[in-house]
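Notes to accompany the following structure.
For reference, positions follow the sequence shown, starting with 1.
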Amino acid sequence: MRIFKVLSDLNSFLKKYDSRNQSLVLKPSIRSYSFIKYQRTFSKVSYKSKSSLLLVNNYHDVPSDKFTAASISQVKNVLESNKIEFTEGFSSLIIKCPICTNIKRMELFINKVTGHIVCKGCKRTGDWNNLQIALSSKTTSDTDNDSNEKTSEQEHPLKKYDNSAGDKWRALLKNSQSLHSMSTNERREVMQHFTSKVIAEDVIKQLDMHITTKEDGSTTWLVPLKQSSSDVVGFKEISQDGSEVVEPCRNCRGILLYKSKPSRKDATAVIVHSFKDFLALASLQLNYHIICLPYGITSLPQDILPLLERYKKIILWFGNESGCWDAAKQFAKKLNEGRCYFVRPTDETLPPRVLLDDSNVENYDPKKIIDKAEPMLHPSIISFTDIRQDILSSLHNIDKAQGVRWQRFPGLNSLLRGHRRGELTIITGPTGSGKTTFMSEYSLDLLMQGVSTLWGSFEIKNERLACTMLQQYAQLPLEENTDKYNMLADSFERLPLYFMTFHGQQPLKVVLEAVEHSAYVYDIAHVIIDNVQFMLGMLESENSHLDRFYRQDALIAAFRNFATRYNCHVTLVIHPRKERDAEPLTVASIFGGAKASQEADNVLIIQQKMLQSLKLKKYLQVAKNRYSGDLGIISLDFDKKTLSFSTDLTDKSFRSDSNMTRRITSNNRIMDSENWRWFPESRSLEDTYILGDIIARGSYSDVHKCLFKGKAERICKIYKKDHLDCRSVKAQAIVLLKLSHPNMVQTRDIFETEQEVQLVCDWLTGVELFERIVECGNYTELEAAKAIREILSALQYIHSRGLTHGAVRPENLLYASCSSNAQLKLSNIPLTKKRHQPKLIYSAPELFNLKQLTPAADMWSIGILLYILLCGMEPSFSPNDDDGVDHKLEADAVWWEETSESAQDLFERCIRHCPDDRITADDALVHPWITGQAAKTLPLASTQVRLREFNARRKFKAATQAVLAAQKMTLISPQRRTAASR
């Protein structure tokens with residue numbers, strides 16, 4: 001019904017211009033509606049439908065009032081039937097303007113894709129429908145000479161375009177000074193702030209360059225943007241740092257053009273994206289037309305295309321910055337790829353602006369670079385030879401090829417590397433998790449870096465979405481700062497942001513036409529659909545029989561195809577299926593079939609977890625990453641005042657020194673660098689890991705299970721700081737993160753809070769050493785020697801780095817898995833405690849005298865383990881002095897005599913009273929018993945029996961101590977814990 005209402009309004013509108021020719025009145029049929037797919041509308045429209053046209057005047061909407069496209073052949077037939085001669089250009093059909101009243105009528109351009117009309121002579125613009133109406137009404141207007149001119153202008157179908165920017169330029173001239181009118185010395189003094197190179201007077205005169213001084217005392221350049229030699233339709237304001245501000249902020253119809261020689265009809269044009277590059281090439285006075293686009297690589301307005309029709313060859317030189325390569329390919333499609341050439345970004349092709357900074361650049365010849373420009377157009381089937389230079393360009397500019405990097409979400413850069421064109425991203429999350437709020441800031445981050453974005457908000461109104469983005473942009477509550485609104489809105493309005501005015505259920509075909517039109521007209525690089533479920537309503541009756549899964553798959557396939565064909569990034573927000581609240585979402589939780597996750601290049605999931613403090617913690621999980629394969633989670637901390645999920649931009653700190661690993665920062669938080677990468681200082685344990693339940697409890701620490709990157713299992717040991725020597729712990733942190741050995745449990749991360757030190761290690765699924773021996777079938781000295789050899793290998797690695805383990809005990813020896821060939825691993829070096837109580841049997845005698853821990857103490861522990869493995873029990877000891885601290889071991893003669901002499905020799909050398917007399921790990925590894933040369937091969941069945949009993953007693957004792965420790969911690973009041981931590 002809405003379509004027919006709009007058609008009825010349009011029919012009434014057309015009747016005003018030709019009531020006699022009823023064939024021009026369009027019947028209410030979608031097929032015959034118009035040439036243009038979409039009409040750009042801001043505050044000026046010829047008709048409005050309240051239900052279908054939603055305008056946000058401060059921002060840029062793509063209206064949902066749509067027009068069905070006519071083919072180019074149909075347009076030609078209409079022109080031929082009206083006996084209008086036309087020339088087919090690269091991007092437009094060109095005719096003599098029927099509206100111009102001067103003797104020499106100007107050319108009128110009809111865009112071959114959108115039907116957009118532009119005439120530089122009468123300065124009128126419109127669409128194909130408007131031109132048809134103008135042609136049919138021309139006879140009536142010629143005979144009615146007495147009609148009121150003002151009324152005729154108001155009702156004319158082709159409107160004169162607004163040139164308020166030209167009026168602003170003329171107003172600025174009153175308070176600015178022309179560079180051409182200055183003396184040579186004055187000009188040199190002014191220009192030295194911009195460039196050290198002398199710019200030719202001809203360049204300054206032709207560009208009509210001016211300077212002006214702002215209120216803050218800074219000097220800026222003013223350069224007019226022209227549609228013709230005398231028609232100023234905008235201007236660029238260039239600051240001393242090279243930043244550019246363009247007026248108007250969008251849809252500018254003018255360019256910067258420099259011609260060193262008289263114009264030729266078939267001249268070659270070199271198009272650059274920045275004023276500095278433009279000025280550098282213009283100063284060389286090459287035999288080309290040098291053109292600078294108004295909005296750089298952000299957008300190529302379709303009103304500019306007629307200005308470029310004259311050129312048979314266009315060379316795009318957009319430099320090596322992020323996004324330049326994609327923009328060149330995108331613009332070439334609008335300009336006609338057959339005439340476009342591309343200067344590929346490599347290390348040798350420096351941007352022209354280097355000539356302004358240093359006129360003595362060695363071996364730099366811009367003309368040779370331009371002459372080597374390669375054609376953009378490739379055949380449908382290519383070989384490696386055709387794309388080898390593309391690959392080389394990617395390798396030379398790997399950082400740029402990775403895409404636009406986020407400023408507000410730096411954690412995404414380490415995983416996704418960047419935001420790239422041509423990809424499809426799926427984002428999901430529980431109801432109420434803030435998907436729209438996150439996506440608004442996610443897209444705003446990219447917008448502020450020049451990524452033109454089209455928002456399709458089918459769930460909330462555009463005014464509310466724009467208000468949210470404006471508050472995130474301002475980083476302050478708008479309701480408390482209404483006095484700053486106009487200033488913020490003026491700045492926000494310059495972002496390349498557009499909104500679709502659809503709301504609620506819409507047919508896929510209609511939305512896709514809007515998106516395709518925007519991609520062409522506004523050079524959209526990022527399309528957001530929020531959300532897919534609200535779009536799934538199928539209004540076409542012939543498709544009413546299709547189920548929701550099939551329609552969603554069709555929608556995803558259509559947007560996947562669009563992203564590839566238009567080289568545009570598409571982000572689809574999809575609600576998940578109903579899951580249990582306690583369970584985290586996975587890729588399989590996305591509503592619908594598997595096509596969403598299969599087609600997507602990236603899958604982002606907003607996860608929620610209720611912490612013990614009853615605070616709801618949110619994470620962003622990268623569950624799929626086709627570009628680099630890196631997966632992970634990023635903490636999301638919501639600030640209600642600014643509606644922002646991003647971290648404080650002033651508190652960011654990145655380190656790239658590959659020679660440094662992780663370190664404790666100034667705010668006493670230990671930073672992580674998974675794969676030697678640095679993260680912000682504000683990152684905590686929850687930023688990377690999801691903490692699980694307690695799986696073990698000791699006197700000084702609790703052990704939790706945790707998840708890394710959403711799925712990798714690890715353990716987290718949490719120590720209370722009041723039990724630790726913090727100074728020693730901070731020194732240990734750097735060392736622990738550097739250690740990596742096959743027979744050691746890898747320490748992955750260390751975090752520090754005000755009350756705790758959290759140590760994250762690998763999760764081992766195997767059993768303890770003694771349990772493996774008890775369960776094995778045939779146990780001999782060879783198996784014992786193999787186990788001791790693996791422990792010694794880890795100790796040798798630790799001792800070679802000047803460290804001591806200090807806790808070589810049965811509970812710290814585990815197998816990596818339950819596999820028969822799994823490696824035995826020694827747990828990580830324990831953190832230093834304030835009051836260390838040595839274990840009587842496993843601790844060397846010198847530790848009881850409070851002497852310093854040395855590698856020799858680890859070798860004492862090796863001797864004890866060796867004895868237990870061969871006898872199935874601990875050795876006895878007898879005190880040597882009155883205090884009972886110093887002691888010596890005594891082996892049981894009955895069981896000990898059954899062992900090999902080589903094993904007894906190694907044991908004796910490990911437990912010598914003087915630390916300096918003990919064997920070292922290096923010497924022990926080459927001992928005959930350790931190598932297996934002197935170890936007996938007879939079964940040790942009786943040893944296994946005794947070892948089973950010994951292990952049971954040890955486990956019972958450990959469990960009892962854990963219970964007592966837990967009760968002790970429970971009795972400590974929260975106030976005492978806080979006081980102790982302080």
Practice prompt. Would you confirm whether Q449, through its side chain, and V404, through its main-chain N or O, come within 3.5 Å as a donor-acceptor pair?
Written response: no
Separation between CD1 (I528) and OG (S443), nearest 0.5 Å, reads 4.0 Å
Residues at least two apart in sequence or cross-chain that pass salt bridge (Lys or Arg N to Asp or Glu O under 4.0 Å) with R560, listed by chain then number, are D601
* To do: Taking atom types as modelled, find out whether H526 and T571 have a side-chain donor-acceptor pair closer than 3.5 angstrom.
  => yes
Taken to the nearest 0.5 Å, the spacing of S176 OG from L222 CG works out to 5.5 Å
In short, F562 meets V570 closest at the heavy-atom pair CD2-CG2, 3.6 Å
Checklist line | Side chain S239, main chain T220, donor-acceptor under 3.5 Å | finding: no
CD1 of I297 to CD of Q330, rounded to nearest 0.5 Å, is 12.0 Å
Do I94 and F86 make a side-chain contact, defined as non-hydrogen atoms from C-beta onward lying under 4.5 Å apart?
no
Exercise. Looking only at side chains, do S491 and Y473 share a donor and an acceptor under 3.5 Å apart?
Worked result: yes
Judged by atom type as modelled, is there a donor-acceptor pair below 3.5 Å linking the side chain of E423 to the main-chain atoms of H419?
no
Result for salt bridge (Lys or Arg N to Asp or Glu O under 4.0 Å) between D523 and one of K334, K329, R421 points to K334
Note: A165 and G234 closest approach over all heavy atoms is CB-CA, 3.9 Å
Report task. For S181 and S178, indicate whether the former's side chain and the latter's backbone hold a donor-acceptor pair under 3.5 Å. Result -> yes
Cationic tip of R124 within the cone over Y161's six-membered ring, i.e. under 6.0 Å and within 45° of the normal? no
**Prompt:** Among side-chain atoms of D202 and Y258, is any donor-acceptor pair under 3.5 angstrom?
**Reply:** yes
*Could you tell me whether R353 and D277 have a side-chain N and a carboxylate O separated by less than 4.0 Å?*
yes
Next on the checklist: For F331 and F318, take the angle between the two ring planes, folded into 0 to 90°, and tell me which bin it lands in: parallel under 30, tilted 30 to 60, perpendicular over 60.
Outcome noted: perpendicular
Answer yes or no: is there a donor N or O on one side and an acceptor on the other, between the side chain of T219 and the main chain of I211, under 3.5 Å? no
Q) Do the numbers put K236 on top of the ring of F275, so that NZ or CZ is under 6.0 Å from the six-membered ring centre and no more than 45° off the axis? A) no
Practice prompt. Identify whether the distance between the nearest side-chain nitrogen and carboxylate oxygen of E516 and R565 falls below 4.0 Å.
Written response: yes
When rounded to the nearest 0.5 Å, the distance separating CG of D231 from CG of N163 is 6.0 Å
In this structure, SG of C568 is separated from OH of Y520 (nearest 0.5 Å) by 16.0 Å
Looking only at heavy atoms, the pair that brings F90 and L335 closest together is CB-O, 3.8 Å
D162 and S164: side chain donor to acceptor below 3.5 Å:
yes
_Check whether D445 reaches the backbone of W406 with its side chain - one donor and one acceptor, N or O, closer than 3.5 Å._
no
Could you tell me whether the side chains of E309 and S91 share a donor-acceptor contact shorter than 3.5 Å?
yes
Checking K76 side chain against L93 main chain: does a donor-acceptor pair fall under 3.5 Å? no
Output for pair (F499 CZ, T453 OG1), nearest 0.5 Å, gives 9.5 Å
Short N-O contact, K276 and E244, less than 4.0 angstrom: no
Measure the acute angle between the ring planes of W169 and F235, then classify it against the limits of 30° and 60° as parallel, tilted or perpendicular.
tilted
**Prompt:** Under 3.5 Å, side chain of H569 to main-chain N/O of R420, donor-acceptor pair present?
**Reply:** yes
- Query: Donor-acceptor pair, N625 side chain versus D630 backbone, under 3.5 Å?
  - Reply: yes
Keeping Q177 on the side-chain end and T212 on the backbone end, is there a donor-acceptor pair under 3.5 Å? no
Thinking salt bridges, do E85 and K96 make one under a 4.0 Å N-O criterion? no
**Q.** No-hydrogen, no-angle side-chain donor-acceptor test under 3.5 Å, Q302 and T114
**A.** yes
